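Shown next, in structure tokens, is the structure this report addresses.
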Amino acid sequence: MTLGIFNTLTRKKDELHPKDGKTFGMYCCGPTVYGPAHIGNFRTFCAQDVLRRTLELTGIKVMHVRNITDVDDKTIRESRKLGQTLTEFTRRWEDKFHKDCDALNLLKPQVEPRATEHIKEQLDMIIKLVEKGYAYATADGSVYFKIAADLDYGKLSGLEVKNLETQTVNSAGDANNADEYARENVSDFALWKGRKPEDGDNFWKSPWGEGRPGWHIECSAMAQKYLGDSFDLHGGGIDLCFPHHENEIAQSESATGVSPCVRYWFHSAHLMVEGEKMSKSLGNLYTLDDLTAKGYSPNQIRFTLISGHYRQQLNFTFKGLEDAKSAIAKLEKSTLQTLQNLGISEAEFKTFIAPKANFENSVFEAAFAAMCDDLNVPKALGEIFSAFAKSKETPLTKADLEALGGLLYALGLKLFEREEKTEIEIPAEVTELAQKRLEAKQAKDYALADTLRKQAADLGWIITDTKTGFEIKKA
RNA sequence: GGCGUGGUAGCCAAGUGGUAAGGCAAGGCUCUGCAAAAGCUUUAUUCGUCGGUUCGAUUCCGACCCACGCCUCCA
């Protein structure tokens with residue numbers, strides 16, 4: 001089965017095929033490393049991860065490139081504030097980003113190029129654009145892309161240049177014509193930024209003097225270097241559709257003359273938090289650490305982030321995280337039951353979680369079909385639960401479990417990941433209460449038994465009955 | 001102003017021109033001294049509002065209401 005994905009460029013569902021018939025080239029806009037990434041960022045990275053995993057499950061080899069933006073206004077400003085070099089500062093957040101990605105079970109891209117290590121490639125492209133008349137330098141040593149020279153500009157986002165030009169106020173309410181440099185047109189965007197005092201030591205030499213690259217050019221230059229002039233897929237958050245991706249197309253196609261530079265455009269919707277737009281000012285901008293500190297596991301967070309369709313705005317709530325925990329537990333329970341029926345160990349089952357599976361005549365065929373239909377994760381999850389419900393009449397086979405393993409690979413969900421057991425010391429006092437309660441119960445003195453259980457509860461411990469005795473758990 | 005998305009049970013969320021997947025929560029039952037856990041089970045005559053097309057619309061069309069996104073560096 002082939003994977004069909006909604007393509008922003010064609011505005012319809014297109015089947016994904018590698019251009020060269022072998023390896024699918026996929027470029028994703030990575031993080032700007034000036035602080036910890038938030039769950040909104042991770043929603044996008046999770047969606048891209050599910051895309052990659054599903055492609056692999058359909059038998060396609062993927063070359064995944066995701067950049068690190070380690071130079072821009074924010075990284076420069078924050079590093080200088082701390083008196084650190086740009087590299088010192090950005091590496092710290094890059095490392096943090098990678099730790100978070102691992103926790104969320106995001107597959108590592110094969111290549112993770114840094115913007116600062118590809119200045120030459122970016123300059124080469126800018127030079128080419130100037131030579132071809134698509135860009136011009138200004139008096140302050142900056143270089144701008146000339147939108148008027150690109151007749152195709154706007155084809156991805158569907159925005160018309162004339163509307164851009166008449167736009168006087170941007171979404172933040174700021175004047176849009178605040179033209180600090182001598183741009184020919186307010187919509188022209190920076191390819192190279194002339195050095196300013198606030199840049200500190202962060203500058204590179206160019207034919208137009210010292211400065212640093214603009215934001216959009218890094219993705220064009222690095223994607224081209226690692227994937228070629230025309231590659232398969234480019235992904236990012238929906239907000240990047242315009243201007244970032246529109247500008248990338250303008251840069252890449254103008255520089256190379258090759259069109260399309262990208263065949264499929266993959267955009268994921270944003271998330272809301274408790275029904276509100278996520279923003280720093282509302283205090284609802286959560287990082288992974290914020291949530292794990294509250295006791296939510298990364299697996300649970302991942303489940304929540306992918307449980308809504310990627311093109312649908314997701315309302316991220318704490319109730320949703322709780323729901324995810326219960327849903328995962330149910331999935332584990334059903335799976336475990338099947339494993340026991342078939343005499344398969346958890347360890348063996350884990351080897352089934354791999355990008356290979358045969359879904360033909362499997363009860364999980366519908367779930368796989370849902371994944372292949374524009375990554376319909378909510379439907380796929382529904383089909384998985386339905387399959388387990390049906391298994392009461394027709395027990396699942398080993399082949400079914402292998403198919404389930406394939407789906408779990410695509411979703412990137414982990415089962416049977418025991419939370420690392422921190423050995424909790426049960427106070428002797430509590431054990432004694434439990435022992436006394438057991439005796440009281442055996443003597444049918446239930447009033448006393450209940451009192452003792454209550455006492456333990458007051459101390460923060462829960463006593464439950466088992467077949468042979470009792471069990472003590474932390475409340 | 002331009003472009004776009006969405007409104008489905010208490011919450012989350014699929015879906016289809018032929019009468020509403022799934023998850024969570026809640027209720028009932030079994031088990032249990034009672035709980036917990038576990039198992040079984042029930043829960044939308046209805047899909048924002050009003051019209052239209054149709055034998056039939058939640059699904060198509062129109063209008064309206066509401067929410068949200070993008071319109072220069074925010075995933």
Side-chain angles (χ1 to χ4, degrees), chain A residues 8 11 28-32 37-48 69 72-74 147 154 157-160 162-164 166-172 174 176-178 183 186-190 193 214-216 235-244 246-247 267-272 275-280 303-304 307-309 311-317 319-331 333 337 366-367 370 373 376-389 392 441 444-447 449-450 453 457 462-466 470-471 473:
Chain A
T8 311
R11 278 157 232 275
C28 300
C29 290
T32 301
H38 54 70
I39 50 171
N41 296 309
F42 284 120
R43 186 203 189 183
T44 294
F45 296 129
C46 283
Q48 292 161 351
T69 298
D72 80 322
D73 292 344
K74 288 183 294 258
I147 284 180
S157 56
L159 296 175
E160 289 181 44
K162 65 171 167 41
N163 288 330
L164 297 177
T166 53
Q167 174 78 25
T168 54
V169 175
N170 67 24
S171 56
D174 299 327
N176 196 20
N177 57 357
R183 270 185 286 178
V186 288
S187 299
D188 288 352
F189 58 90
K193 296 180 165 190
W215 175 41
H216 312 295
I238 186 66
D239 58 308
L240 295 185
C241 181
F242 185 90
H244 185 56
E246 194 68 65
N247 292 350
H267 290 113
S268 46
H270 280 190
L271 56 75
M272 310 270 285
E276 288 183 304
K277 185 177 177 174
M278 185 176 65
S279 70
K280 265 186 187 147
F303 187 100
T304 308
S307 64
H309 188 98
R311 282 196 291 124
Q312 213 64 52
Q313 200 168 56
L314 175 79
N315 186 17
F316 187 89
T317 62
K319 165 85 164 56
L321 284 170
E322 296 294 346
D323 292 357
K325 185 177 188 175
S326 303
I328 292 168
K330 181 169 183 168
L331 202 54
K333 208 175 296 167
Q337 185 65 54
D373 184 12
N376 194 338
V377 174
K379 174 135 195 230
L381 287 170
E383 295 293 352
I384 289 172
F385 283 108
S386 297
F388 274 115
K392 275 160 198 154
K441 205 183 86 164
K444 294 201 194 300
D445 186 351
Y446 298 122
D450 287 349
R453 183 162 58 188
I462 295 167
I463 301 174
T464 53
D465 290 336
T466 63
F470 56 83
E471 204 173 77
K473 274 188 299 195

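Numbers restart at 1 for each chain; the letters A, B, ... are given by sequence-line order, proteins then strands. All heavy atoms count here, side chains included; hydrogens, waters and symmetry mates do not. This one's a predicted model, so the numbers in the text were calculated from it and none came from an experiment.
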When the [atom1] atoms of [M] and [N] are compared, how many Å lie between them, rounded to an integer?
N: B:rC64; M: B:rU54; atom1: P; result: 23 Å
N: B:rC40; M: B:rG23; atom1: P; result: 12 Å
N: B:rC29; M: B:rU43; atom1: C1'; result: 15 Å
N: B:rC74; M: B:rU58; atom1: P; result: 45 Å
N: B:rG62; M: B:rU53; atom1: P; result: 15 Å
N: B:rC12; M: B:rG6; atom1: C1'; result: 15 Å
N: B:rU46; M: B:rU8; atom1: C1'; result: 9 Å
N: B:rG22; M: B:rC61; atom1: C1'; result: 31 Å

Grab the [atom1]-[atom2] distance between [X] and [N] for me, whole Å please.
X: A:His38; N: B:rC74; atom1: NE2; atom2: P; result: 10 Å
X: A:Asn41; N: B:rA75; atom1: CG; atom2: P; result: 5 Å
X: A:Phe388; N: B:rC40; atom1: CZ; atom2: P; result: 13 Å
X: A:Met278; N: B:rC70; atom1: CE; atom2: P; result: 11 Å
X: A:Glu322; N: B:rC24; atom1: CD; atom2: C1'; result: 10 Å
X: A:Phe470; N: B:rU32; atom1: CZ; atom2: P; result: 21 Å
X: A:Phe385; N: B:rC24; atom1: CZ; atom2: C1'; result: 10 Å
X: A:Asp73; N: B:rC73; atom1: CG; atom2: C1'; result: 8 Å

What contact category does [X] fall into here, base, sugar-phosphate, or nothing, at under 4.0 angstrom with non-hydrogen atoms?
X: A:Lys325; answer: nothing
X: A:Asp450; answer: base
X: A:Ile384; answer: nothing
X: A:His270; answer: base
X: A:Gly382; answer: base
X: A:Arg311; answer: nothing

Let's see if you can work this out: which of [options] has an atom nearest to the side-chain heavy atoms of [X]?
X: A:Lys277; options: B:rC70, B:rA21, B:rC73; result: B:rC70
X: A:Phe242; options: B:rG39, B:rC71, B:rA75; result: B:rC71
X: A:Asp239; options: B:rC74, B:rG69, B:rC73; result: B:rC74

Item checked: Contact summary for A:Thr44 and A:Gly237, nearest pair of heavy atoms ->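 Between these two residues, the closest heavy atoms are CG2-N, 3.8 Å.
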Margin query: Using every non-hydrogen atom in the two residues, find where A:Phe385 and A:Ala327 come nearest and quote the distance to one decimal.
Written below: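 Closest approach of A:Phe385 to A:Ala327, heavy atoms only: CZ-O, 3.6 Å.
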Notebook entry, point to check: If you take atom types as modelled and just measure distance, does the side chain of A:Thr44 reach the base of B:rA75 with a donor-acceptor pair under 3.5 Å?
Noted result: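 By the distance-only test, yes, there is a pair.
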Notebook entry, point to check: Under 4.0 Å between a Lys/Arg side-chain N and an Asp/Glu carboxylate O for A:Lys441 and A:Asp465?
Noted result: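 Between A:Asp465 and A:Lys441 there is a salt bridge, with a charged N closer than 4.0 Å to a carboxylate O.
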With both distances under 3.5 angstrom, what nucleotide forms a Watson-Crick or G-U wobble pair with [N]?
N: B:rU58; result: none
N: B:rA36; result: none
N: B:rC47; result: none

Next item on the list: For residues A:Pro31 and A:Phe45, determine if any side-chain heavy atom of one lies less than 4.5 Å from a side-chain heavy atom of the other.
Entry: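 The answer is yes, as the side chains (C-beta and beyond) meet within the 4.5 Å cut-off.
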Next item on the list: Answer whether the closest heavy-atom distance between the side chains of A:Asp373 and A:Lys379 falls below 4.5 Å.
Entry: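 In short, these two side chains do not touch, never coming nearer than 4.5 Å.
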Checklist line | Audit row: A:Asp72, A:Trp215, side-chain contact (heavy atoms from CB on, under 4.5 Å) steps and yes/no | finding: CA-CA 7 Å; A:Asp72 80 322; A:Trp215 175 41; 5.8 Å; no
Checklist line | Is_stacked (A:Tyr446, B:rG33) at 5.5 Å, 30 deg | finding: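 Here A:Tyr446 meets both the 5.5 Å and the 30° conditions.
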Check whether any side-chain N or O of [X] sits under 4.0 Å from OP1 or OP2 of [N], and answer yes or no.
X: A:Ser326; N: B:rA25; result: yes
X: A:Lys392; N: B:rC40; result: yes
X: A:Lys74; N: B:rC74; result: yes

Next item on the list: Step by step, work out the side-chain contact (heavy atoms from CB on, under 4.5 Å) result for A:Phe316 and A:Leu321.
Entry: CA-CA 8 Å; A:Phe316 187 89; A:Leu321 284 170; 4.0 Å; yes
Note to self: Tell me if a side-chain donor or acceptor on A:Glu246 pairs with a main-chain N or O of A:Gly154 at a distance below 3.5 Å.
What the structure shows: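 Confirmed, A:Glu246 side chain pairs with A:Gly154 backbone.
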Next item on the list: Test A:Phe303 against A:Asp323 for side-chain contact (heavy atoms from CB on, under 4.5 Å), laying out the working first.
Entry: CA-CA 10 Å; A:Phe303 187 100; A:Asp323 292 357; over 6 Å; no
Margin query: Both A:Ser386 and A:Cys29 contact RNA chain B. Taking the nearest nucleotide for each, which residue is further toward the 5' end?
Written below: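 Looking at RNA chain B, the more 5' nearest nucleotide goes with A:Ser386.
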Tabulate protein N/O versus nucleotide N/O from nucleotides 11-15 of chain B, keeping only pairs under 3.5 Å, one per line.
from	atom 1	to	atom 2	distance (Å)
B:rA14	OP1	A:His309	N	3.3
B:rA14	O3'	A:Asn376	ND2	3.0
B:rG15	OP1	A:Asn376	ND2	3.0

Next item on the list: Check the angle between the aromatic planes of A:His216 and A:His244 and answer parallel, tilted or perpendicular using the 30° and 60° thresholds.
Entry: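 It falls in the tilted class, 30° to 60°.
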